[in-house]
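In what follows, a single structure is set out as structure tokens and then discussed.
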Amino acid sequence: MTPPARSVNTQGDAPSVEPVALLPPSRGRDGRSVSSASTITASRGQSSFASSNPPPGSFSSELRTTVSRSETPRLDFTALPSVTGKDLQTTSEQRQAELQDQIEKEIKIKNGSENLLEALNSKNAKQTKDQRLRVEAELNASNRKLAQLRLGLEAEIQRSKEIKSPPAPVQSRLSYLFRNSPSSSPSRQPVDDDEDEMEQESESPTFVLSEMLQALEAEGMQPEYYVEKANSLVDLFKRHPTLKYDLAWSIFGMRMQTMLLSDSREVVAAGYRLMRHAITDRKSIQIIRGLHTDYLVILSLVKESKASVEREQALKFVRSFLDVKDGIEELSCAVIRIIVAVAEHTDDRLKNIAILTLAEILVRKPPLLVSAGGMGTLTNALGEGNYYAAESLASSFLYLLDTPRRRQFLKSGHELEVPFAMFSDASPTYGPMHEEKLKANAKVIAALLRSWSGLMALSMHDFLTIRSLLMALYISTPHVRNVLLELLFDILRIKPPSWSSSFLAGRRLTTYGRVTNLKTQTPKDSTSTDGEDATNKWNLLEHYVAAVLSVLLHAGLLPALLHAEEEPLTLTLKRKTTLLLGEVLKLANELLPPSWSSSLQVLPQLLQSAARFQLEDRFVAIGTIYQVDSVNRTLYRSGPTSLHTGKTNSLTDTEPSARHTDPSKTQAGMHMDEAQFRTLMVETQVLNTVNFTKWRWDLIQQIIDGPLLNAKRLDEAIKATKFVHRLLGFYRPFKYRFSEIKNTKPNQRYVRAGCALMRSLLQNPEGIRYLSDNKFTRQLAECLSHFDRMSGLTSESPIFTKDRMTETLTGGYFALLGALTRDPKGIQILERWKVINMFYHIIELHSRDDLIKALLSNMDYSLDGHLRIIISKAMTSCSKDIRIFSTRLLRKYATKCIQDVESSAGIAEWAIRLLVTQLYDPEIEVCEVAVKILEEACNQKQSLEYVVKCRPALDHLGEIGAPLLLRFLSTSVGYHYLDGLDYITREMDDWFLGRNDSYVALIEASLARALADIPERPPPQLSYDDAPENPEYGIVPPHFYRELTRTEEGCKLLEQKGHFDEFVATIRDFASEDDDAETILKVKGCLWAVGNVGSMELGAPFLEKSDVVKIIVQIAETSAVMSLRGTAFFVLGLISRSLHGQEILIEHGWDGVVSETGDALGFCLPLDFKKLFTIKPWAAKARDPMWQHRGEVKIAVTDQDPVNARILKLATDLGNTVLAKKAANDLQTLKAKKARGFSKPAMFHKVMQILEAHHFRLPVCRFVLDLFDRSVLRQIVLDEDDADDTESSDSDSDEEPAVSNGLQRGT
């Protein structure tokens, strides 16, 4: 007989995800588990599908089920086909995500190839010919693959939309595996199983359930039989979710008990999984716990790692309690004790998910975790640097910190300081993983400092914790200082400028020509921002960063940085410190009041060192001052730091893709003499060869932008030379030169040169004549006519096919046509060759959205004429995608400045009228885009009044149109318009009665999302409208009362209604509330309402009359609820946005920040800074319920039998590290003597109470429970207590007054 093959661990330590079905081991003839190579082969290559609705308790961990060498390898369940119909939608979503990831990778490859090609083009063509050909081949392959992937993505999206209802499940995973196994009988092929599935589907689910439960009654069957039936039951529950509500638990529970008592790990795991899917509510959990599942779960979790499937399913079963309402109440302390032991066991594969489970319990029910001794475990995980989700763990502690009642569960008050310990460790030697652990702890510290609760807690005891962190800059260890500098960059949200990498590499700042000229660049369309009302947007992030910066400066950031600057460990660290120092000084100047920033800017410590002429060290100080000053000047030229737009606002380029030409160079080029012009034309190589790859396109661009604007030079280039002739010949479609060039980033220079040539020719009558008669326009018109159904012309290989538009520069012809549409003469040329007529017909094509998008996006609509009619037609009669696309194109026109509201001939007025029309589009997505653009246009008062003049009706849009209606309130015209619609009264009552509370959730979620700093996924395709697709997080959302207070009429209505007085009364009455969540939410809503009213100049009288600022300052400085303090701090910032509000704040000891022009910026800090971060230290609860419970346990664990009493005493001693070894030996001796206590259920109950009451490590728990006979658990679970045990229990009844609160005994 061939021995069973030795199992091979094919999975290693890879993590396992939720399996759709548990896989039983295949068996050999001798009944032993053998590895099935065929089964493993069958599982490969299958798609990975996940359930769309994960079952209760599901989790995704980093670790997978491992298999020991003596055990059968289990297959990756996720590699098998999906079982449920509900999986189809998720399957489609997964495929879409995979395709999207592949597209992003290909885009990166494509961009890299384009950059390399651009670099090669600037070198000698002969030397780099072979390399360029290889790069072009790679680029072509990337473009083809991108096209295929995008087609696949479109098809997948379309397929997901067509899925109406999921098909019936195909088969269970077990039958799938056996069906594909070579050992299966040929007669048992999929046909039979499909028939069985169809037969099951046709039968009543209740009948199928009863049949399966009856099948589970069979005894003596192989384990795979029970696993298959359990998997089928799970599938049945998934197909019919309501079936579990009608379970007969007397029968179902008995079957589950039998499975959980099985000797097969796979059967036990299948039992846990089946019970987990049968849970419906808290009552069902109580019934399940009545089956003694607490004991079973504990025994499963203490097993060795080779029982990985059983342990994993047991922990998932426990986690499923958390997904049920009030299910946390049914978690026993004993079970949590074991989970704590698993989380503390270093090498346990379930350690990470055990920590996560404890963190969830901490949030749901802190007393339960504290009584189970789990706080220490979570604290260690927070700071040891090995738990990779420690940032999420920090959020659990921050949740407890918020209110005084929850804070008491943090007994020491120093739990959050654990991650800081590693930074202050000045050990002479560090382990190999020290830097990685430092970075992990740095992430935790950053997460703590990104919440108001964390900042408050770490600032206690005069900023002691923050000081200890900054003192690490004095430690002479390079990697510690480097990690700390990176952490400071992250905390202050400083994004290093573009030149920082060059600076850190050691290059001189004076070599950066780009930086020097940054301030001279002006936006191409500055009119769109000139009239923007600065009060419409206020960034909470900037105010929060101001608070964090103040804390760091108060804790000694500047001296620590100066020390690191004077004693650098490496040159790179010195430059990084200099850069951070410059950024800190710049931030202080932008975000802090003058009382703070003025003393910082002079760097007094350095000046004192530099003034000591007797010491040699003064040269170091002088050099540092010079470096910091140089960095500061360069930073000023670079513009504002990241998100910060403080006191010094510099102009930024609104169109980074646009190439700006220096006007002085253009003027010099226009006045170039004939000799220079001829020499320059010769140097371009255009006159020497028709091979465009040998032309010098930089010189060609210089000629087009300069000399060709001069009529005389243009006439010479046209008539005396072939320069213009060859240039236009290069662009002629039927020459197949420009149209055959690959569509890469470096090759876009040909498109730019062509557009510039069109513009230059249109500047002179001679150029217009030449362009009108040239074959270029005629051939381009002919190519377009191939897609005009009215022209009658066709072609076997038209120029504007989909592939050519994607892979070549053919789409660039529309950019050239767009350059012509910017000038009336250019439009006349297009009309002469009937191109405009063709445009009308092209936008009617149903299968060429790419052609329509290229046409619409490149045209210029500044001139009134046919093109405006064309885009309006596209916005109303084309497909939904084209309507959305064309609506977005109007953004740059709608946001232009309106000069005269009474006039309607301007381009902005035209765009606004079209956008108002789009508000009535049948597709809600189109309306939403139009609303967003109109809302942005309403930043200008003239545009807002014109939108109101159009009288749009927005009632049908509901919440989508609400922000636009709110903007109408900011002008008297809009107020009267909305008042006539009876909108204001209804909306005012709505906000007063409930919307204020929902506003709190909205603004706190926005701030939390902004502080989390999660990177956004880049858009899959290029956007033609420059509109940000991602929402702006951290911005104060529009508030009804703020918009209402912008007008005199609104202020009168607010005073008449008395809402402001009601808000003030609520704040005054409940300012000291620290426990009731609903009241705290109500106070926050009233605070935001008062702050939004106070941020307007017209709202100042409300503040003065009510004297509410005094109460808000009191909340910000003394409230026991940390989040309420943060809300008050931000509200004071809102109030400081009005100059009158700043005057009121000064009276109460708060100083505001103003810009160089005297405008309020909305940042304020208390003059006595410690008041803001002073909080009373808390103490743990005096009465710990755990001590009372331990007293009961001491009574319960005694026994009249001296041997049993000794067993209980030794079990207790195992928790003592001093006595543990001797106790273990004595217990082993008693076990060898076959002590009767190890076979008695009563003793088992008592030992379990000991394990519940005291802290034991996982191996100790396993050792104690392994001492008992296997029959004991069966007796307890099945209530088979024998007579002797009953007598023993009766004799001990007077000594056992209370059973553990967590474990239930059989009745």
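Nothing here was measured: the structure is a model prediction, and the numbers come from that model.
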Does the side chain of Asn691 pick up a donor-acceptor pair with the side chain of Thr693 at under 3.5 Å?
yes
Answer yes or no: does atom NE2 of His786 have more than 12 heavy-atom neighbours from other residues, nucleotides or ligands under 6.0 Å?
yes
Are the side chain of Trp910 and the backbone of Ser862 linked by a donor-acceptor contact shorter than 3.5 Å?
no
Give a yes or no answer on whether the side chain of Asn111 reaches the backbone of Ile107 with a donor-acceptor pair at less than 3.5 Å.
yes
Return the orientation label for the Phe776 and Tyr731 ring planes: parallel under 30°, perpendicular over 60°, tilted otherwise.
perpendicular
For Ser886 and Met875, which heavy atoms make the closest approach, and how far apart are they?
OG-CG, 3.1 Å
Shortest non-hydrogen contact from Ala874 to Arg883?
O-CG, 3.7 Å
Please check: side-chain N/O of Asp715 versus main-chain N/O of Ala711, any donor-acceptor pairing under 3.5 Å?
no
Taking the side chain as C-beta and beyond, is there a heavy-atom pair between Arg769 and Glu766 under 4.5 Å?
yes
Side-chain contact, heavy-atom cut-off 4.5 Å: Ile768 with Leu761?
no
Atom of Phe787, atom of Thr801 and distance for their closest heavy-atom approach
CZ-N, 4.2 Å
Working for side chain to side chain contact (heavy atoms under 4.5 Å, CB included), residues Arg804 and Ile799
CA-CA 7 Å; Arg804 293 175 67 88; Ile799 290 287; 3.7 Å; yes
Whether Arg144 and Glu807 form a salt bridge (side-chain N of Lys/Arg under 4.0 Å from carboxylate O of Asp/Glu) is what I want to check.
no
Answer whether the closest heavy-atom distance between the side chains of Asn143 and Thr806 falls below 4.5 Å.
no
Could you go through the side chain to side chain contact (heavy atoms under 4.5 Å, CB included) check for Ile718 and Phe723 one step at a time?
CA-CA 7 Å; Ile718 293 175; Phe723 183 79; over 6 Å; no
Rounded at 0.5 Å granularity, tell me how far CD1 in Ile933 sits from CG in Leu915.
5.5 Å
Main-chain N/O of Leu687 paired with Arg726 side-chain donor or acceptor, under 3.5 Å:
yes
Are Lys896 and Ile907 side-chain neighbours, meaning at least one heavy-atom pair lies under 4.5 Å?
yes
Step by step, work out the side chain to side chain contact (heavy atoms under 4.5 Å, CB included) result for Ile869 and Tyr840.
CA-CA 9 Å; Ile869 301 173; Tyr840 276 104; 3.6 Å; yes
CG on Leu820 to CD on Gln828, rounded to 0.5 Å
12.0 Å
Could you tell me whether the side chains of Asp705 and Gln701 share a donor-acceptor contact shorter than 3.5 Å?
yes
Between Gln918 and Thr887, does any side-chain donor sit less than 3.5 Å from a side-chain acceptor?
yes
Mind checking ring pair (Phe, Tyr, Trp, His ring centres under 6.0 Å) for Phe800 and listing every partner two or more places apart, or none if nothing turns up?
Phe814
Between Glu136 and Lys742, is a side chain to side chain contact (heavy atoms under 4.5 Å, CB included) present by the stated rule, with each step listed?
CA-CA 8 Å; Glu136 287 180 350; Lys742 297 300 180 184; 5.9 Å; no
Over all heavy atoms of both residues, which pair between Cys950 and Arg913 is shortest? Give the atoms and the distance, please.
SG-CG, 4.2 Å
Donor-acceptor side-chain pairing of Asp788 and Ser785 below 3.5 angstrom
no
Please work out which of the three classes, parallel, tilted or perpendicular, describes the rings of Phe730 and Phe692, given edges at 30° and 60°.
tilted
Provide the closest heavy-atom pair for Arg759 versus Gln763 in the form atom of the first, atom of the second, distance.
O-CG, 3.1 Å
Any donor-acceptor pair under 3.5 Å linking the side chain of Glu114 with the backbone of Lys745?
yes
Charged N-O contact under 4.0 Å between Asp850 and Arg848:
yes
Would you check if Leu851 and Ile842 make a side-chain contact, meaning some heavy-atom pair closer than 4.5 Å?
yes
Looking at Leu757, is its backbone amide N or carbonyl O close enough to the side chain of Ser760 to form a donor-acceptor pair, meaning the two atoms are under 3.5 Å apart?
no
Is Asp773 salt-bridged to Arg832, cutoff N-O under 4.0 Å?
yes
Evaluation steps, side-chain hydrogen bond (donor to acceptor under 3.5 Å, both in side chains), between Thr744 and Asn747:
CA-CA 5 Å; Thr744 62; Asn747 289 342; 3.0 Å; yes
Side-chain donor-acceptor contact under 3.5 Å, Ser879 with Asp881:
no
Pair Glu674, Lys712 - check salt bridge (charged side-chain N to carboxylate O under 4.0 Å, His left out), show working.
CA-CA 9 Å; Glu674 183 178 350; Lys712 189 174 181 181; 5.7 Å; no
Distance check, rounded to the nearest 0.5 Å: Asn774 atom CG versus Thr777 atom OG1?
6.5 Å
Lys735 NZ to Lys775 NZ distance, which is reported to the nearest 0.5 Å:
7.5 Å
Do Phe677 and Leu708 touch side chain to side chain, with heavy atoms closer than 4.5 Å?
yes
Salt bridge present between Arg696 and Asp698 (N-O < 4.0 angstrom)
yes
Starting at OG of Ser142, measure out to CD of Glu106 and round the result to the nearest 0.5 Å.
4.5 Å
Could you tell me the separation between the OG1 atom of Thr895 and the CD atom of Gln940, rounded to the nearest 0.5 Å?
7.0 Å
Verify the distance criterion only: is there a donor paired with an acceptor across the side chains of Glu138 and Ser113 at less than 3.5 Å?
no
Just one of Ile870, Leu856, Leu890 clears the side-chain contact (heavy atoms from CB on, under 4.5 Å) bar with Tyr861, so which one?
Leu856
For Gln748, give me all partners under side chain to side chain contact (heavy atoms under 4.5 Å, CB included), at least two apart in sequence or on another chain.
Asn743, Val751, Arg752, Leu809
I want to check something: taking the side chain as every heavy atom from C-beta on, are Phe839 and Met859 in contact at a cut-off of under 4.5 Å?
yes
Is any side-chain heavy atom of Tyr813 closer than 4.5 Å to a side-chain heavy atom of Ser739?
yes
Is a donor on one side and an acceptor on the other found under 3.5 Å between the side chain of Ser943 and the backbone of Asn939?
no
For Ile741 versus Arg737, what's the shortest heavy-atom pair and its separation?
CG1-O, 3.2 Å
Heavy-atom count around Lys834 NZ within 6.0 Å, excluding the residue itself: above 12?
no
Has the side chain of Trp833 got a donor or acceptor atom that lies under 3.5 Å from a matching backbone atom of Leu780?
no
